[in-house]
Amino acid sequence: MSEVEQQVIAGPGNTLKTARETQGLSLKEAAERLRLTPQVIIDLEADDYTNLAKVYSRGYLRTYAQFLQLDVAALLEAHDRIQQQAGPTVQRVKVIQT
């Protein structure tokens, strides 16, 4: 098993970060080119999906992996495995009373 395959198994975040840095892109450049906030890039690279709804995290991950020309299917599989281990997430909703 190659080093890249081992990284993907652990989680897609390190693979994304390594690829971005190898391509000479700063965090800010990647965020701007993908039209995402830098915090989304930071969260994806840290495998921290707590601030992202599950459906958005998959979409952001797919877009980021395509942008970096990585194996999208392998990264999504790793993402899904992490999400399954984390269990269901509860999203907070702010109620505004008028």
Side-chain angles (χ1 to χ4, degrees):
M1 184 179 301
S2 74
E3 183 179 336
V4 171
E5 289 172 328
Q6 289 174 349
Q7 288 175 354
V8 169
I9 288 172
N14 191 45
T15 303
L16 294 168
K17 183 175 182 178
T18 301
R20 176 181 56 78
E21 290 173 345
T22 299
Q23 293 179 26
L25 293 167
S26 72
L27 190 114
K28 183 179 176 183
E29 289 172 318
E32 286 175 355
R33 290 178 67 186
L34 291 168
R35 295 189 174 132
L36 297 172
T37 65
Q39 188 60 51
V40 169
I41 300 295
I42 290 167
D43 290 345
L44 290 172
E45 290 181 351
D47 293 321
D48 180 3
Y49 308 112
T50 56
N51 295 322
L52 303 169
K54 188 173 186 176
V55 68
Y56 291 125
S57 66
R58 265 186 129 259
Y60 291 155
L61 181 65
R62 175 183 288 114
T63 300
Y64 194 15
Q66 288 171 336
F67 171 70
L68 295 172
Q69 300 176 348
L70 298 172
D71 182 354
V72 175
L75 293 173
L76 287 174
E77 185 178 317
H79 166 272
D80 293 345
R81 192 171 45 256
I82 290 170
Q83 290 285 38
Q84 286 175 348
Q85 290 172 354
T89 58
V90 176
Q91 291 184 328
R92 291 178 234 167
V93 177
K94 184 176 182 180
V95 177
I96 301 174
Q97 295 178 343
T98 56

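One is the number of the first residue; the rest follow in order along the sequence.
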Side chains of Leu61 and Leu16 in contact at under 4.5 Å (non-hydrogen atoms)
yes
Would you say Leu25 and Leu68 make side-chain contact, with heavy atoms under 4.5 Å?
yes
Quick one: are Ser57 and Asp43 in side-chain contact, heavy atoms under 4.5 Å?
no
Return the minimal non-hydrogen interatomic distance between Asp47 and Gly13, and the atom names on each side.
OD1-N, 2.7 Å
Would you say the side chain of Ile41 lies within less than 4.5 Å of the side chain of Leu34, judging by non-hydrogen atoms?
yes
Distance only, no hydrogens: is a donor on one side chain within 3.5 Å (strictly under) of an acceptor on the other, for Gln84 and Asp80?
no
Heavy atoms of Ile82 and Gly11 approach each other most closely as CD1-CA, 3.8 Å
From CG (Leu36) to OH (Tyr60), nearest 0.5 Å:
6.0 Å
Could you report the tightest heavy-atom contact between Ala30 and Arg20, atom names first, then the distance?
CB-CD, 3.7 Å
Flag if over 12 foreign heavy atoms under 6.0 Å of CD, Glu77:
no
Shortest non-hydrogen contact from Ala78 toward Pro12:
CB-CD, 3.7 Å
Is the closest side-chain donor-acceptor distance between Asn51 and Tyr49 under 3.5 Å?
no
d(His79 NE2, Arg62 CZ) to nearest 0.5 Å is 10.0 Å
Between OG on residue Ser26 and CD on residue Glu32, distance to nearest 0.5 Å:
7.5 Å
Any side-chain heavy atom of Arg58 within less than 4.5 Å of one from Gln83?
no
